[in-house]
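Each remark here refers to the structure printed beneath this line.
Naming convention: chains lettered A, B, ... in sequence-line order (proteins, then strands); numbering from 1 in each chain. Please read these numbers as outputs of a predicted model, since none were measured by experiment. Because only heavy atoms are used, hydrogens play no part in the values below, and waters and symmetry mates are left out as well, while side chains stay in.
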2 protein chains.
Amino acid sequence: MAKRTFNVERFFQALGDNTRLRLLNLIGEQELCVCYFVEILGHPQPKISRHLAYLRSAGIVSARREGKWMHYRIVTPPHIGAAQILRQTLDWLREDRAMQADRAKLSKACCSPEKFTSLEGAPLPTAITEVCCEAR
Amino acid sequence: MAKRTFNVERFFQALGDNTRLRLLNLIGEQELCVCYFVEILGHPQPKISRHLAYLRSAGIVSARREGKWMHYRIVTPPHIGAAQILRQTLDWLREDRAMQADRAKLSKACCSPEKFTSLEGAPLPTAITEVCCEAR
DNA sequence: CTAATATATGCGCATTGACGTATGTGTGGA
DNA sequence: TCCACACATACGTCAATGCGCATATATTAG
């Protein structure tokens, strides 16, 4: 399914879109299902889905199905250079105001899911579960 | 002329094209004039020029006129994150076979300009002059 | 089997990007 | 002043991309 040969052009092209950068920023070190992206970014679901497909075709994320939900996580690219660049990009995003706001909203959604009716029944992200909810 | 506000999307989009990566690889730490790109890459001059303009619009390179020649060099982006990513990208390119071949061809063109009639009279690159010709 | 939910994909449209070809612009030499 | 040279830009074309909207697919519940 996913492209076999890692493509440098495709890699950078995938990073050349703000929506996709926001998605990557939200995923971070965890595994997230699509409904969170839709809720946090406030964009129509097909748009989110297509951007995730783009990231997948570029070999930057992978998808795992769990029942009705699709979980996305960041994949370490086969090339060391690309891996370093991806990590550095994520570090860079972490310092951005708007990206921080996105992550804060995600934390809130995980800790207080009652305020996000669209997320009722949605599986919690992998790592955020502890990070976020143990802190309370 | 060049875009005032550094744009992250534009930055990555600029890196998402092999021709532009080859140009950046050729420039490296030096200053090169357009005729070298045309000669080494073997692409039509307008194509090279347009890609250089793209890189310039993305704030990745800057141009300096010296007589008839335009010298291009890599600019350090204003954002630390972007600067690191750009440097890492250049390091990554350095390890690529095809990119090494490009640089080798450039060295040859500088050391033996008599074999590259299109480069007669062209100003030598800034740093390659010593690096390449002192070694012989 | 049917319905509902979560997600993916098809379609039409507008924008951008890459390319070749032709032409414009700036500079120095005759 | 006119020409040659180095480079940039305009134009037309075609492919890729992004988007909204509608619809298809997969899975689970009933």
Side-chain angles (χ1 to χ4, degrees), chain A residues 1-3 7 9-23 31-58 61-73 116-125, chain B residues 1-3 7 9-23 31-58 61-72 113 116-125:
Chain A
M1 294 306 147
K3 261 211 182 154
N7 184 314
E9 296 186 76
R10 190 74 176 170
F11 172 73
F12 282 118
Q13 285 167 0
L15 298 179
D17 179 280
N18 194 254
T19 301
R20 290 194 287 268
L21 289 177
R22 290 179 75 186
L23 292 174
E31 224 185 17
L32 276 186
C33 77
V34 180
C35 51
Y36 284 98
F37 301 124
V38 175
E39 173 65 34
I40 305 298
L41 298 196
H43 291 165
Q45 175 267 324
K47 172 175 173 176
I48 299 291
S49 203
R50 259 182 280 109
H51 280 295
L52 286 169
Y54 197 119
L55 287 170
R56 197 147 34 106
S57 80
V61 305
S62 71
R64 181 178 64 86
R65 177 175 285 280
E66 185 181 324
K68 295 187 289 189
W69 295 277
M70 290 291 283
H71 295 260
Y72 282 84
R73 65 184 175 82
F116 298 82
T117 58
S118 73
L119 294 177
E120 280 192 59
L124 283 171
Chain B
M1 302 298 154
K3 260 209 182 154
N7 184 315
E9 296 187 77
R10 190 73 176 171
F11 172 73
F12 281 117
Q13 285 167 0
L15 299 179
D17 179 278
N18 194 254
T19 301
R20 289 194 287 268
L21 289 177
R22 290 179 75 187
L23 292 174
E31 224 184 16
L32 276 186
C33 77
V34 180
C35 51
Y36 284 99
F37 302 124
V38 175
E39 174 63 36
I40 305 298
L41 297 196
H43 291 164
Q45 174 266 323
K47 171 174 172 176
I48 300 290
S49 206
R50 258 183 279 110
H51 280 295
L52 287 169
Y54 197 120
L55 287 170
R56 197 149 32 106
S57 81
V61 305
S62 71
R64 179 178 65 87
R65 178 177 284 278
E66 184 181 325
K68 296 187 288 189
W69 295 277
M70 290 291 282
H71 296 259
Y72 283 83
F116 297 81
T117 57
S118 73
L119 293 177
E120 280 192 59
L124 283 171

Checklist outcome for this item: Here the distance between atom C1' of C/dA8 and atom CE of A/M70, to the nearest Å, is 9 Å

Checklist entry - Under 3.5 Å, side chain of A/E31 to main-chain N/O of A/R73, donor-acceptor pair present? => result no

Checklist outcome for this item: Here the distance between atom P of C/dA8 and atom CG of A/L55, to the nearest Å, is 12 Å

Item to check | Residue pair A/L23, A/L41: steps toward the side chain to side chain contact (heavy atoms under 4.5 Å, CB included) verdict | outcome: CA-CA 8 Å; A/L23 292 174; A/L41 298 196; 3.8 Å; yes

Which side-chain N or O atoms in residues 47-54 of chain A pair as donor and acceptor under 3.5 Å with protein atoms at least two apart or in another chain?
| unit_1 | atom_1 | unit_2 | atom_2 | d |
| --- | --- | --- | --- | --- |
| A/K47 | NZ | A/H43 | ND1 | 3.4 |
| A/H51 | ND1 | A/R20 | NH1 | 3.2 |
| A/Y54 | OH | A/R10 | NH1 | 3.3 |

Checklist entry - Which is true for A/F37 with a 4.0 Å heavy-atom rule: it touches a base, it touches only sugar-phosphate, or it touches nothing? => result nothing

Next on the checklist: Counting only side-chain nitrogens and oxygens, does A/Y72 get under 4.0 Å of the OP1 or OP2 atom of C/dA8?
Outcome noted: yes

Contact list (N/O, under 3.5 angstrom) for nucleotides 11-19 of chain D vs protein:
| unit_1 | atom_1 | unit_2 | atom_2 | d |
| --- | --- | --- | --- | --- |
| D/dT17 | OP1 | A/R10 | NH1 | 2.8 |
| D/dT17 | OP1 | A/Y54 | OH | 3.2 |
| D/dG18 | OP1 | A/R20 | NH1 | 3.0 |
| D/dG18 | OP1 | A/R20 | NH2 | 2.8 |
| D/dG18 | OP2 | A/R20 | NH1 | 3.3 |
| D/dC19 | OP1 | A/K47 | NZ | 3.2 |
| D/dC19 | OP2 | A/H51 | NE2 | 2.5 |

Next on the checklist: Rounding to an integer number of Å, can you tell me how far B/I48 CD1 sits from D/dT9 C1'?
Outcome noted: 16 Å

Next on the checklist: Return the CD to CG distance between A/E9 and B/L21, rounded to the nearest 0.5 Å.
Outcome noted: 7.0 Å

Checklist entry - Could you write nucleotides 22-30 of chain D as a row of B, S and -, 5' to 3', where a protein heavy atom under 4.0 Å of any base atom gives B, of only sugar-phosphate atoms gives S, and otherwise -? => result B---SBS--

Next on the checklist: Please report the distance, rounded to the nearest Å, between CH2 in B/W69 and P in D/dA4.
Outcome noted: 17 Å

Checklist entry - Rounded to whole angstrom units, what separation is found between the CZ atom of B/R64 and the P atom of D/dA6? => result 17 Å

Checklist entry - Rounded to whole angstroms, how far apart are CD on A/E39 and P on C/dA6? => result 12 Å

Checklist entry - Between B/Y72 and B/F37, what is the ring plane arrangement, given parallel below 30°, perpendicular above 60°, and tilted in between? => result perpendicular

Item to check | Atom-to-atom span, CG of B/N18 to C1' of C/dG17 - whole angstrom | outcome: 16 Å

Checklist entry - Any donor and acceptor pair, going by atom type alone, linking the side chain of A/R56 with main-chain N or O of A/A58 inside 3.5 Å? => result no

